[in-house]
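Reviewing the structure listed below.
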Amino acid sequence: MKYVKENELLLKENTIYIDSVKNKNKNIDELILQRPNVKAFGIPLALNFYNLGDPDGPKSPSEWGEKNPKTYAFFKNAFSEKQSISVAKSSIGINNWFLKSGEAPVIIDNKKTKKTVANLKTYFQNQGYFRATINATTDSIEKKTGTITYNINKGDPLFIDSIYREINSPVLDSIYKLNTIETHLKPKQQYNDANFIKEADRLTKLFRNNGIYHFTKNESIAFYADTTDLKTDVELVISDRIIENNGIYSAKPYRVQKIKSINVYSDYSYSRKDKPIADSISYEDINFLAYQKLRYNPKYLSQSVFISPNTIYSDTLVDLTRTHLRGLNNFKSTAIRFTELNDEELEANIYLTPIEKYTLGFDTELSRSNIRNFDISGRFSLTNRNTFKGAEVFQVSLLGSYFNSNNGPGWEFGTDISLEVPRFLAPFGLNKFVPKRMFPKTRFYTGINIQKNIGLDRQNINLGIDYKWKFNKQKTIQLELINGQYIKNLNVENYFLVYASEYEKLKSIANLYDENLVFPENTPDEYYDIKDILTEIEDSDEFRLTNPDAYVDALNIDERLNIITSDFLIPEIAYGFTYNNQENIKDQEFSSFKFRIANSGNILGLISNKTNDLGKTTILNIPLAQYFKTDIEYKKYWNLRGNSTLAHRTFLGAIFNYNNSEIPFSVSYFAGGSNDIRAWRTYELGPGRRPRV
């Protein structure tokens, strides 16, 4: 209350009573124009921060000098006037920062209170409560603080009695009669403005999807209702199309219009619009045109065009065409324009402006951490669009890095190659099960990564094919038909050097096992001797009984060692489902759900009957990873005041191995570290301890 004047009241609380019951509807709270200052844990921190500044403070160095003459004179005499001006500017900047970062006190404003009353009255009238009465009372509760109470008496609502229609156009009337079941307006229904808006939108979509190209709801749809009684008849009036000709307006009945022809300009730009067409071809009655050479195969590009010649106009198919063409990631802009040939025919012109065929990218990064004293990395990428003239996107990237760590210098090199095809490529006609309106995409990818002195000098080769399509606006399905990895560790002898904490734990356990045991030094040459001691401890029934906790710790150490040092062939097949109800990019209050189930090694495990010394199934002497894995993720976002959003994430995962297979490190779960839960070191949090045996 530092900057609340004597004749002002700081708004402490708003309270709304609807028919003497305290309101709990969030939508109604949003109608209030004035709300108390934001609080965190019951404290108005933003207001307190604002109070550290002075809204009436000086705005220029000269004003600051007049308000602080002694300080200004001190810096001027001790140094120079330039220094005095600099101190003044710094002080003004700090003051403005407090004011800008904080929140000014919300003062009760009678004008805003009256506007809030008007908002509430409009809201309840839109709900059918035309007799609602609303009044607001301001009360002073403490020094310079007050509350506002809004009392609402809704009264009796208005109900719809009968519904009549007056549709001038016979064409529209016939379409309307065939589609009355889905109407949002029904007799005996309480009046609600939202239902009238929904009905107008439904009719507009209905007519425009049935060939009425020129229909617009703002010009042609009107509802009439008498709101003076508790029951009312509703009259729906759909007028004819209004035509303007030389300033003279006349009515003209709507007609169903068909698309006579379709022209696709595959290399359109504004600078070329007046140039002659150099190349053209007709495919399935669609004309594909180019100002230079036609570079897109009409067979595949036509799969993104959902409108057809000699069919009636449809808004839905036009929007689907536009969205599908944009989803090809081959065009900067996509425009669909219609030319009226006569009262019954339209010409569709689709203008596509391609993105550059080749795109080069280069990223580099220089960093330092407590593990790596020096680290430089770079990535080079090449993108080739329309690779095989079917709007495919081919990408190849090269990654390299060099660093100097506590364990010495090291490097990493890798390459990734992918080809995304905007179609469902599958044998035996399986592509027919995923219609093109679902935006099917097939992705082929492969890559290799070689590491030197990163962990255990790992080599990783991956190869895969996955399919992805949108079942509808909210649901996306992904099928990873092949997701294969081959992981080979070249220098497993470095394990205890890299994971020194594991060495120290094992050394302590070995001391409990045999206090006279001389534990080997932590060097690569001693790796197998250290591992032999670990095996000896695991085989000791006496140690298991006398030191059960230490014995379980030894089992955990051995399990992590096997996971990280084992070579693996991981042939995974997976199914993923995603649900996201976000309406658009501006929608900040939504939820998403992801589910994925995967299996590795089932098919190859049935084919191969070979095992290694540990009883694990092998392919070409490589251990086969065999497991089932399920991941479930849920996210919820709440839109708070201003630009703030509260997010919640829940993740559940389970993995089950079989046939004596270990779980590869690359697919296991872990948490902790600098990028997620900072209270734990990387991989140190979870999944829990092995139970006593």
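Remember, predicted model here, so these are calculated numbers, not experimental data.
- With respect to D267 and R272, a salt bridge is recorded, a charged nitrogen being found less than 4.0 Å from a carboxylate O.
- Scanning for side chain to side chain donor-acceptor pair (under 3.5 Å) contacts around K332 gives E356, with sequence neighbours left out.
- There is a side-chain donor-acceptor pair under 3.5 Å between Y513 and E536.
- With contacts defined as side-chain heavy-atom distances shorter than 4.5 Å, the pair P623/N612 qualifies.
- Shortest non-hydrogen contact noted between A550 and F543 is CB-CZ, 3.8 Å.
- Taking all atoms of both residues into account, the shortest heavy-atom contact from I533 to P520 is CD1-CD, 3.5 Å.
- E538 is linked by a side-chain contact (heavy atoms from CB on, under 4.5 Å) to L534, L555, D558, counting only residues two or more places apart in sequence or in another chain.
- A heavy-atom distance below 4.5 Å is not found between the side chains of N657 and F628.
- Here the side chains of F362 and R379 are not in contact, with every heavy-atom distance at 4.5 Å or above.
- Taking a 6.0 Å sphere around NZ of K610, one finds it holds 12 or fewer heavy atoms contributed by other residues, nucleotides or ligands.
- With hydrogens and angles ignored, the 3.5 Å screen pairs a side-chain donor or acceptor of N584 with a backbone N or O of D587.
- Contact annotation: the side chain of S661 never approaches that of K616 to less than 4.5 Å [non-hydrogen atoms, C-beta and beyond].
- Y270 has its side chain out of reach of T353: every pair of non-hydrogen atoms, C-beta onward, lies at least 4.5 Å apart.
- Between D279 and K293, none of the side-chain N atoms (NZ, or NE/NH1/NH2) sits under 4.0 Å from a carboxylate O, so this pair counts as no salt bridge.
- Atoms CG and CG, on D567 and L624 in that order, are 13.0 Å from each other to the nearest 0.5 Å.
- Formation of a donor-acceptor pair under 3.5 Å by the S592 side chain with backbone atoms of Y579 is not found in this model.
- Summarising the geometry, atom CZ belonging to F374 is positioned 8.5 Å from atom CG belonging to N404; distances are rounded to the nearest 0.5 Å.
- At a threshold of 4.0 Å, the pair R560-E502 counts as salt-bridged, since one of the basic side-chain nitrogens sits closer than that to a carboxylate oxygen.
- Inspection of the R326 and S333 side chains reveals no N or O donor paired with an N or O acceptor under 3.5 Å.
- Residue pairs satisfying the salt bridge (Lys or Arg N to Asp or Glu O under 4.0 Å) criterion with at least one member in residues 420-432, sequence neighbours excluded, are listed as follows: E392-R423, E420-K441.
- Taking a 6.0 Å sphere around CG of N472, one finds it holds more than 12 heavy atoms contributed by other residues, nucleotides or ligands.
- Checked by atom type and distance alone, the side chain of K357 pairs as donor or acceptor with a backbone atom of R385 at under 3.5 Å.
- Remark: side-chain polar atoms of N491 are not paired, donor with acceptor, to backbone N or O of E493 under 3.5 angstrom.
- Summarising the local packing, NZ of K470 is surrounded by more than 12 heavy atoms from other residues, nucleotides or ligands at distances under 6.0 Å.
- No side-chain heavy atom of Y358 sits less than 4.5 Å from a side-chain heavy atom of L360.
- By the neighbour-count criterion of 12 heavy atoms within 6.0 Å, atom CG of L620 is sparsely surrounded, having that number or fewer from other residues, nucleotides or ligands.
- Residue P440 comes nearest to W469 through the heavy atom pair CA-CB, 3.9 Å, listed as atom of the first residue, atom of the second, then distance.
- Counting only distance, with no hydrogens or angles, the side chain of S608 and the backbone of L604 share no donor-acceptor pair below 3.5 Å.
- Counting non-hydrogen atoms of neighbouring residues, nucleotides and ligands closer than 6.0 angstrom, the NZ atom of K594 reaches no more than 12 such neighbours.
- Looking at Y527 and D532, their side chains never bring a donor and an acceptor atom within 3.5 Å of each other.
- Atoms CG and CG, on L325 and L301 in that order, are 6.5 Å from each other to the nearest 0.5 Å.
- Between Y503 and F519, the angle of the ring planes lies from 30° to 60°, which puts this pair in the tilted group.
- T535 contributes a side-chain N or O that, together with a main-chain N or O of K531, makes up a donor-acceptor pair within less than 3.5 Å.
- The two atoms that bring I563 and P664 nearest to each other are CG2-C, 3.8 Å, heavy atoms only.
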- Item | Step-by-step ring pair (Phe, Tyr, Trp, His ring centres under 6.0 Å) determination, F595 to Y634 | CA-CA 9 Å; F595 169 78; Y634 175 75; over 10 Å; no
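- For Y351 and Y265, the ring centers are positioned less than 6.0 Å apart.
- Taking the six-membered ring where the residue is Trp, Y495 and Y499 present tilted rings, their angle falling between 30° and 60°.
- Annotation for K629: atom NZ counts as buried by contact number, over 12 foreign heavy atoms lying within 6.0 Å.
- At a cut-off of 3.5 Å, with distance as the only test, a side-chain donor of E572 or Y627 sits close to an acceptor on the other residue.
- In this structure, E662 contributes its side chain and N562 its backbone to no donor-acceptor pair below 3.5 Å.
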- Check step by step if side chain to side chain contact (heavy atoms under 4.5 Å, CB included) holds for D457 and N489. CA-CA 6 Å; D457 296 349; N489 297 293; over 6 Å; no
- Would you check, one step at a time, whether the test side chain to side chain contact (heavy atoms under 4.5 Å, CB included) holds for V396 with D416? CA-CA 6 Å; V396 58; D416 294 303; over 6 Å; no
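- Between Y467 and F424, the two ring planes are parallel [angle under 30°; tilted spans 30° to 60°].
- Distance alone, capped at 3.5 Å, places no donor-acceptor pair between the H324 side chain and the F306 backbone.
- Taking 4.5 Å as the limit, every side-chain heavy atom of N460 sits out of range of all side-chain heavy atoms of I448.
- Side-chain atoms of S600 come within 3.5 Å of backbone N or O of A625 as a donor-acceptor pair.
- Looking at N494, its side chain never comes within 3.5 Å of a backbone N or O of L497 through a donor-acceptor pair.
- Salt-bridge annotation for E633 and R596: absent, with no side-chain N of the basic residue lying under 4.0 Å from a carboxylate O of the acidic one.
- There is no side-chain donor-acceptor pair under 3.5 Å between Q459 and N449.
- The two residues V305 and K436 have their closest heavy-atom pair at O-NZ, 3.8 Å.
- The local environment of CD1 in I597 is crowded, with over 12 non-hydrogen atoms from other residues, nucleotides or ligands closer than 6.0 Å.
- Within the 4.5 Å cutoff, the side chain of I487 has heavy atoms near those of the R458 side chain.
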